[in-house]
Visitor: 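Could you have a look at this structure, given as structure tokens, before my questions?
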Amino acid sequence: MQANISPVSDLRPGRIDYTIHVRISRMWEFRGPNEENDLRHLDLILIDQKGDPIYAEIPPDAVLDLKSFLEEGKIIIMSKITVERKPGYRAVENHYMIKLNTRTCIFPFAETINFPKYTFSLTPFEILPRYIRRTDRFLDVIGKITGVSNAVKVYNTSGDPMMRRVIRLQDLMGNVIELSLSGKRATEFPAEAVLDVGQKHHVIAIFVGTLMKLYRDEHRFLSGTSACRCLPNEATAVENIYLQSDDEMQQNFEQANLLQLQKVDPFIHKLLNFRVHNALQQHSQSRSLVGLRYQCTVTIVGIAEKQTWCYRACKVCNSSHILIGNTYQCTREGCPCTQFLWKYKIPFIATDGTYSLEFIFFEKKGVELIGKTAETLHKQYDPNQIPPQISELIGQKFSLVVIVSTKRSINRKDPSFEVLMIKERFGKQPIIPVFRPEITIAPDSESTTISHEKDLPALIAIPSKKSNAQTSTSTNHLASFEDMDIEPSGIWDESQSSTKRNLKETDNDNQDPDETK
């Protein structure tokens with residue numbers, strides 16, 4: 001049987017001979033808008049050993065036969081299943097789903113080391129409004145819990161009573177969103193324990209399976225019903241690593257100047273990354289990563305020419321989208337997604353006086369640097385027009401943790417580096433360092449850099465001519481879809497009230513978001 005195991009990434013509609021080896025990550029019952037209704041289907045989130053997830057559904061007639069073999073966290077072998085396309089309400093990043101039936105065979109399997117337990121695809125708070133009334137996917141979010149209400153009885157639009165609890169979440173940028181938990185999700189949330197811990201410590205939580213709603217065209221909030229889950233502490237350990245990434249980084253990089261980084265071989269780096277990274281999952285040999293990450297202190301002196309500051313990023317895998325025919329399609333092989341978001345890919349040129357190299361700032365580091373998303377800037381500036389918010393960074397000095405960008409570097413004379421962390425900011429420099437020996441730039445050079453003589457004052461970046469004339473006139477055009485009939489629109493019934501208890505607020509200005517691309 002082992003020889004016939006199919007990875008989740010290979011599952012496609014049409015075949016009926018698949019056998020899969022998966023862990024049951026989550027399981028819930030779907031009964032529609034009222035939890036007292038008859039069961040419509042039992043839902044599962046399955047993960048294979050590679051970490052690829054897929055949603056699975058069991059119809060009512062097969063639940064009695066199969067439920068005794070199913071338990072969250074359990075690893076199983078499953079066969080006699082069918083695969084279908086998932087039309088909407090995707091709980092994971094997979095366009096296909098598994099349908100179980102009365103003939104499905106399930107066999108328990110012993111616990112396997114390093115078999116993934118949880119899966120989520122986090123959505124930044126600032127783009128949550130785009131998903132109002134959308135039915136294509138559920139949303140996963142992470143944030144600090146800053147307030148928890150008591151659970152109260154409210155009535156949905158059908159007049160059915162249900163329990164409701166509101167949780168206030170805050171991200172590292174200070175954005176706040178309320179999450180409305182309904183039914184069992186409201187009563188099972190450990191509110192008292194969270195409130196007690198929250199008096200002295202941050203309480204970080206990952207909520208999966210939420211939907212973005214709008215109450216009376218004014219109040220935006222997340223809704224959590226049967227598909228929603230607050231992942232247990234061992235899953236939120238991912239956030240602990242996320243918040244402590246500075247400490248992790250300090251053990252896993254080495255200091256280097258740009259002349260040393262210029263000698264980094266992207267082929268050797270790729271080989272090290274491939275062979276060493278998996279070993280580190282089992283062994284805490286922090287120095288094994290030396291040669292993969294570097295810290296350098298540089299001043300931005302220009303922006304690469306003939307390149308854009310943003311790109312069309314696939315909503316599923318972040319790969320580039322290109323126009324094929326009349327449709328933008330993902331360039332990653334096998335990715336069927338046709339939807340994209342504009343994300344940062346800023347190609348800064350920087351120097352420390354020893355050499356000059358390219359440093360790429362992707363979305364999360366770009367947001368941290370500029371304070372706005374690429375989607376926001378793209379409303380005013382096209383990809384070939386450098387926004388003043390970017391050009392004004394020329395002349396500023398930073399301490400960065402970087403990793404070589406293998407794909408960009410292989411066919412270039414000098415390697416290009418991706419910024420993983422902005423470790424320190426030194427501000428605008430009165431004197432911009434000059435790489436010596438003197439840089440000669442050919443007319444068809446790939447980069448534009450600032451050069452100045454010894455006795456000349458520092459140059460001031462000139463903003464785009466269009467920057468002063470342009471104003472933001474765009475508004476958010478939210479897709480108009482019918483709501484799924486599992487949650488009433490409206491966060492509170494007017495006749496109901498609830499008292500919120502605030503957690504102790506602590507300063508989080510020094511917390512750096514981790515770079516996951």
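Along the sequence shown, the residues carry numbers beginning at 1. Since this is a predicted model, take the numbers as computed values, not measurements.
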Visitor: Should Asp48 and Lys50 count as an ion pair when the cut-off is N to O under 4.0 Å?
Guide: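 Salt bridge absent between Asp48 and Lys50.
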Visitor: Contact between Glu57 and Ile98 at the side-chain level, heavy atoms closer than 4.5 Å - yes or no?
Guide: no
Visitor: I want to check something: taking the side chain as every heavy atom from C-beta on, are Leu181 and Met163 in contact at a cut-off of under 4.5 Å?
Guide: no
Visitor: Taking NZ in Lys184 as the centre, count heavy atoms belonging to other residues, nucleotides or ligands within less than 6.0 Å. Is the count above 12?
Guide: no
Visitor: Mind checking whether Ile145 and Arg168 have side chains closer than 4.5 Å, heavy atoms only?
Guide: no
Visitor: Quick one: do the Ser180 and Arg185 side chains pair a donor with an acceptor below 3.5 Å?
Guide: no
Visitor: With rounding to the nearest 0.5 Å, note down the distance linking OG1 in Thr19 to CD1 in Ile5.
Guide: 5.5 Å
Visitor: Please find the pair of heavy atoms, one from Ala62 and one from Thr102, that lie closest to each other, and give the distance.
Guide: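 Smallest heavy-atom distance, with atoms named: CB-N, 3.8 Å.
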Visitor: Are Thr104 and Met78 close enough that some pair of their side-chain heavy atoms sits under 4.5 Å apart?
Guide: yes
Visitor: Quick check: closest heavy atoms across Pro129 and Arg220, and the distance to 0.1 Å?
Guide: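 Minimum heavy-atom contact is CG-NH1, 3.5 Å.
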Visitor: Answer yes or no: is there an ion pair linking Arg293 with Glu418, defined by an N-O contact shorter than 4.0 Å?
Guide: no
Visitor: Going by atom types only, do Tyr55 and Asp43 share a side-chain donor-acceptor pair under 3.5 Å?
Guide: yes
Visitor: Please tell me if the side chains of His219 and Glu178 come closer than 4.5 Å, counting only heavy atoms from C-beta onward.
Guide: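 Result yes, sub-4.5 Å side-chain heavy-atom pair found.
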Visitor: Please give me the minimum heavy-atom distance between Met27 and Glu72, naming the atom from each residue.
Guide: N-OE2, 2.8 Å
Visitor: How close do His378 and Cys310 get, counting heavy atoms only, and between which atoms?
Guide: CD2-SG, 4.2 Å
Visitor: Determine the sole option in Ile45, Ile106, Ile76 for which the side-chain contact (heavy atoms from CB on, under 4.5 Å) test with Ile24 is passed.
Guide: Ile76
Visitor: Flag this pair as yes if the NZ/CZ of Lys213 is under 6.0 angstrom from the six-membered ring centre of Phe221 and inside a 45 degree cone about the axis; otherwise no.
Guide: no
Visitor: How long is the straight-line distance from CG of Asp17 back to OG of Ser79, given to the nearest 0.5 Å?
Guide: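 Those atoms lie 10.5 Å apart.
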Visitor: Which heavy atom of Val419 sits nearest a heavy atom of Phe359, and at what distance?
Guide: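 Nearest heavy atoms, Val419 then Phe359: CG2-CB, 4.1 Å.
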Visitor: Taking everything shown except Lys315 itself, do over 12 heavy atoms lie less than 6.0 Å from its NZ?
Guide: yes
Visitor: Is the centre of the His21 ring less than 6.0 Å from the centre of the Phe115 ring?
Guide: yes
Visitor: Side chains of Arg425 and Leu369, heavy atoms from C-beta outward: is any pair under 4.5 Å?
Guide: yes
Visitor: Under 3.5 Å, is there a donor-acceptor pair between the Asn318 and Lys343 side chains?
Guide: yes
Visitor: Please determine whether the number of non-hydrogen atoms from other residues, nucleotides or ligands lying under 6.0 Å from atom CZ of Arg31 exceeds 12.
Guide: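 Correct, the count exceeds 12.
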Visitor: Once you round to the nearest 0.5 Å, how far does NZ of Lys117 lie from CD1 of Ile75?
Guide: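 Taking NZ in Lys117 and CD1 in Ile75, the distance rounds to 9.0 Å.
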Visitor: Considering only NZ, NE, NH1 and NH2 on the basic side and carboxylate oxygens on the acidic side, decide whether Lys372 and Glu126 come within less than 4.0 Å.
Guide: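 Answer for the salt bridge query: no.
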Visitor: Have Arg312 and Tyr328 got a donor and an acceptor in their side chains that come within less than 3.5 Å?
Guide: yes
Visitor: Can you tell me how far CZ of Arg12 sits from NE2 of His95, rounded to the nearest 0.5 angstrom?
Guide: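 Reported value, rounded in 0.5 Å steps: 10.5 Å.
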Visitor: Check step by step if side chain to side chain contact (heavy atoms under 4.5 Å, CB included) holds for Leu169 and Phe207.
Guide: CA-CA 10 Å; Leu169 298 171; Phe207 288 91; 3.9 Å; yes
Visitor: Check step by step if side chain to side chain contact (heavy atoms under 4.5 Å, CB included) holds for Gln329 and His321.
Guide: CA-CA 5 Å; Gln329 296 182 17; His321 267 225; 5.6 Å; no
Visitor: With salt bridge (Lys or Arg N to Asp or Glu O under 4.0 Å) as the test, would you mind laying out the steps for Glu363 and Lys345 before giving the verdict?
Guide: CA-CA 7 Å; Glu363 180 69 10; Lys345 189 177 180 181; over 6 Å; no
Visitor: Please determine whether ring-ring contact (aromatic ring centres under 6.0 Å, His included) holds for the pair Phe138 and Tyr89, giving the CA-CA distance in whole Å, both sets of side-chain angles, and the decisive distance to 0.1 Å.
Guide: CA-CA 6 Å; Phe138 287 100; Tyr89 294 101; 5.8 Å; yes
Visitor: Distance-only, no hydrogens or angles: does the Asn94 side chain make a donor-acceptor pair with backbone N or O of Pro53 under 3.5 Å?
Guide: yes
Visitor: Could you go through Ile346 and Ile360, starting from their C-alpha distance and side-chain angles, then the distance that decides it, and tell me whether this counts as side chain to side chain contact (heavy atoms under 4.5 Å, CB included)?
Guide: CA-CA 5 Å; Ile346 310 172; Ile360 305 296; over 6 Å; no
Visitor: For a quick test of reading the model, state the closest non-hydrogen atom pair linking Asp65 to Asp61 and the distance between them.
Guide: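 Smallest interatomic distance, heavy atoms only, reads OD2-O, 4.0 Å.
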Visitor: Yes or no on side chain to side chain contact (heavy atoms under 4.5 Å, CB included) for Thr210 and Asp140, after CA distance, side-chain angles and deciding distance?
Guide: CA-CA 6 Å; Thr210 72; Asp140 305 337; over 6 Å; no
Visitor: Quick one: pull up CD in Glu84 and NZ in Lys99 and give me the separation to the nearest 0.5 Å.
Guide: 4.0 Å
Visitor: Taking the side chain as every heavy atom from C-beta outward, state whether Leu400 and Phe361 have any atom pair closer than 4.5 Å.
Guide: yes
Visitor: Without hydrogens or angle criteria, can the side chains of Ser149 and Arg165 be said to hold a donor-acceptor pair below 3.5 Å?
Guide: no
Visitor: Heavy-atom count around Glu36 CD within 6.0 Å, excluding the residue itself: above 12?
Guide: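 Incorrect, the count does not exceed 12.
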Visitor: Hey, could you give me the CD/CG distance between Glu29 and Asn37, rounded to the nearest 0.5 Å?
Guide: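 Output value for this atom pair is 12.0 Å.
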Visitor: Is there a side-chain contact between Trp309 and Trp342 in this structure, where contact means two heavy atoms from C-beta onward sitting under 4.5 Å apart?
Guide: no
Visitor: Should we say atom CZ of Phe69 is surrounded by more than 12 heavy atoms from elsewhere, each under 6.0 Å from it?
Guide: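 No, because the 6.0 Å sphere around CZ of Phe69 holds 12 heavy atoms or fewer from other groups.
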